[in-house]
Amino acid sequence: MLDPTFRGDQMALTVDGIFSLMPELFLPEKAQGLTVSVYYQVTGEGGGDYTCLIENGAFSMKREAKPDATSVVVIGAEDWIALNEGKLDPMQAFMTGKLKGTGDLGLLQKFPKFFKKPQKESGPVKPLKDLVPARLALAGTGIKVTVGAESWGDGAEVSGEEAALRGLVCGISDPGPALLGGQIRYTGDMSLLRKAWKTWSAEPEITFPDTPGGKALATLRKRYKGGASGTLEVKVDGVPYRLDFSPEGLSVRPGEVEGGAALGISDADFAALNAGKLNLVAALLGGAITVKGDMSQVAAYTAHFDADVNPAQGLLESMPERFNAEKAGDLEAAVGYQIDDLGYTLFIRNGACLVFPRLMKPCDTLLKAKADDFIAMSTGTLNAQEAFMTGKIQIEGDPLLMQKVAKSFKRPEA
C-alpha cells in the first residue's frame, strides 16, 4: 500500500484514483530482482479488485482479482481512502481488523518503500510574536522589526514583507537581495543589520519535517565532527537544503546551491544513511542516491559526521529478522514497547512478525524501560527476572505473555 501521507493533488481522492497514480510513483531501483504481487480487495461502494505486480523492477497494475498473490489485502473503500489521506493509522487499521492481510505480511510492510513519497510538510510555523522577540534577544543589537501594524524591539527599524523578514530573522535569507528588491526596508546603521544577520545565520531557526529524514537533518549540526570546508546541497524528497561546512562548524538551512555539488535522496534513505544502515557506495551504484558534481567530494563530506545510531531503536527494528516462527507457534499478540521516548508496537500473527515505529494502545502487553536497561536485557547482560523485580523494566498487562513473546526471538549479539 502507498505511504499513509499520500495525497492525490490532481484529482478527487477515490479508490481508483489512488491506484491509477501508483505506476508514476513507483521506484524501480528499489525493486530490482524482485517478483511479487499484491492483491487489494477493496470492498463497498467505489471499491473493486486491484492487483499490483512487480517483476524485476517493472511495475504494472491490473483491475482484476488474484487470490494466489504473494500478499492479499482486504479493506473497505472508505477505510482505504482514509488510510491514504492519513486519517486512518495503518497499524490501528490492522489491529482493529479494518485492514486484513494474508500471505507475506512482511511484503505488505515493505511495499510503501517501492513508491515515491509526497513532499513532506514541515511542522507548524512559529507565530511572529513568539519568533521575533526571541531572535532579537539572540542578536542583542538595537533593531526594531515591523510587520504591518506590529512591531518588536527598539532601535533602527527594519520593515517589509512578512516572508522576507521571517527569512531574515530566522537566519535563512541574506538581507541583500530583499533590500535591493524592496521586500525589506531599513534606514539605520547597516553595520547593526550585518551584525544581527551574522548571529542569526550562525544559529538559524529552522523547522524540519516531522519525518525520519527530517529528524536526521535536525541532528546534522550536533553530529558534525568538523574538519570540512565547502558547500553541499542535499535534496531530501525533492526539498533542497544548503550545508555550509567550515572546520569549526556546520550551517544547515533550506535553499539550493547554485552550480555546486548536490546529493539527491529519498527521506527514508537519508534517515538510513545517517543511521549507518545504508552504504553510500552501494546506494550510489543502486541509484538510491543521485549526485551532481564531484562524486568523491560529496562522499568525503559524509565522513565528517558521527552516525545517528540509537541502539535501542536498532534492537526494536531488528525484531522481524530475529523472529523464530517455530518457537512462536500459534502465538498471536500485539506487544507495546516504551523505551525512553521511543514507542514501538510489535504484531505476531499467523507465524509472521511486524514492527511499527509507534506505540498503539491498547496492547495485549506493554514493556517500559530505560534504553540502557532494555539493551542490557535484550543482549543478556541483565537478567530479565532481576530487571523486573528491581523495577528496571515494567510490564503492563500480561507478564506471562511477555515471557512467551521474548522466547520467540533470537538474542542479538551483545
Side-chain angles (χ1 to χ4, degrees), residues 1-8 11 13-118 266-269 286 288 317 320-321 323 325 332 345-357:
M1 88 195 95
L2 292 180
D3 184 270
T5 57
F6 166 78
R7 283 166 175 77
M11 61 178 73
L13 201 58
T14 63
V15 171
D16 198 62
I18 293 167
F19 284 104
S20 296
L21 284 176
M22 290 178 75
E24 65 184 77
L25 295 173
F26 181 63
L27 296 167
E29 66 274 11
K30 298 284 188 180
Q32 291 299 315
L34 192 66
T35 298
V36 294
S37 55
V38 181
Y39 164 41
Y40 292 91
Q41 183 182 353
V42 185
T43 62
E45 185 178 354
D49 295 314
Y50 299 84
T51 297
C52 299
L53 302 170
I54 298 177
E55 296 181 280
N56 195 27
F59 176 85
S60 61
M61 190 275 295
K62 298 180 180 179
R63 291 173 174 80
E64 62 182 34
K66 186 175 173 58
D68 63 343
T70 312
S71 302
V72 177
V73 175
V74 180
I75 188 170
E78 290 186 5
D79 292 329
W80 175 244
I81 292 172
L83 191 71
N84 283 276
E85 286 179 327
K87 296 177 181 177
L88 175 62
D89 185 275
M91 182 166 48
Q92 186 178 33
F94 185 80
M95 286 182 68
T96 58
K98 291 183 176 180
L99 184 155
K100 299 176 182 178
T102 57
D104 187 346
L105 298 183
L107 171 63
L108 293 182
Q109 192 171 16
K110 293 185 291 185
F111 203 61
K113 297 179 181 179
F114 302 145
F115 299 86
K116 294 177 185 176
K117 297 178 182 178
S266 72
D267 187 277
D269 285 337
E317 293 182 353
E321 287 75 33
F323 180 63
E332 291 194 0
T345 303
L346 177 78
F347 289 106
I348 300 175
R349 186 174 296 176
N350 298 329
C353 169
L354 295 86
V355 65
F356 292 85

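The analysis underlying the following values was restricted to heavy atoms, covering all of them including side chains, and did not include hydrogens, waters or symmetry mates.
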Practice item. Could you please spell out the steps behind the side-chain contact (heavy atoms from CB on, under 4.5 Å) verdict for L107 and F114? Key: CA-CA 11 Å; L107 171 63; F114 302 145; 4.2 Å; yes

Exercise for review: First locate atom CG of N350, then atom OG1 of T102, and finally report the distance between them rounded to the nearest 0.5 Å.
Suggested key: 8.5 Å

Exercise for review: Mind listing the closest non-hydrogen atom pair of Q32 and P28 along with its distance?
Suggested key: NE2-O, 3.1 Å

Practice item. Tell me, yes or no, whether the heavy-atom count around E29 atom CD, taken from other residues, nucleotides or ligands under 6.0 Å, exceeds 12. Key: yes

Check your understanding: Can you tell me how far CD1 of I75 sits from OG1 of T43, rounded to the nearest 0.5 angstrom?
Key -> 8.5 Å

Practice item. Kindly determine whether V73 and L99 satisfy side-chain contact (heavy atoms from CB on, under 4.5 Å), including the steps that lead there. Key: CA-CA 7 Å; V73 175; L99 184 155; 4.1 Å; yes

Exercise for review: Walk me through it: do C353 and L346 pass the test side-chain contact (heavy atoms from CB on, under 4.5 Å)?
Suggested key: CA-CA 7 Å; C353 169; L346 177 78; 3.2 Å; yes

Point to revise | Test side-chain contact (heavy atoms from CB on, under 4.5 Å) applied to L108 and V38, step by step | key: CA-CA 8 Å; L108 293 182; V38 181; 3.8 Å; yes

Exercise for review: Hey, could you give me the SG/CZ distance between C52 and F111, rounded to the nearest 0.5 Å?
Suggested key: 4.5 Å

Review point. Can you check whether F59 and F26 have ring centres sitting under 6.0 Å from each other?
Key: yes

Check your understanding: Under a 4.5 Å cut-off applied to non-hydrogen side-chain atoms, are Y50 and M61 in contact?
Key -> yes

Point to revise | From NZ (K110) to NZ (K30), nearest 0.5 Å | key: 13.0 Å

Review point. So which of V72, L53, D49 actually passes side-chain contact (heavy atoms from CB on, under 4.5 Å) with K66?
Key: L53

**Study point:** Exercise: identify the closest heavy-atom pair between E64 and T51
**Key:** O-OG1, 2.7 Å

Revision key, fill the gap. So CZ of F115 and OG of S266: to nearest 0.5 Å the spacing works out to 14.0 Å

**Study point:** Ring-ring centroid check F347 F94, cutoff 6.0 Å
**Key:** yes

Check your understanding: Have D68 and Y39 got a donor and an acceptor in their side chains that come within less than 3.5 Å?
Key -> no

Review point. To the nearest 0.5 Å, what is the distance between CG (D104) and OG (S37)?
Key: 10.0 Å

Review point. At their closest point, which heavy atom of A77 faces which heavy atom of G46, and how far apart are they?
Key: CB-C, 4.3 Å

**Study point:** Pair W80 + F19: ring centers closer than 6.0 Å
**Key:** yes

**Study point:** E45 atom CD: more than 12 heavy-atom contacts under 6.0 Å
**Key:** no

Practice item. Please report the shortest heavy-atom distance between S20 and P23, naming the atom on each side. Key: O-CD, 3.3 Å

Review point. Do other residues, nucleotides or ligands put more than 12 heavy atoms under 6.0 Å from E317 CD?
Key: yes

Revision key, fill the gap. Shortest non-hydrogen pair, R63 vs D16, comes out as NE-OD1, 2.8 Å

Review point. Can you name the nearest heavy-atom pair linking A31 to I54, along with the distance?
Key: CB-CG2, 3.7 Å

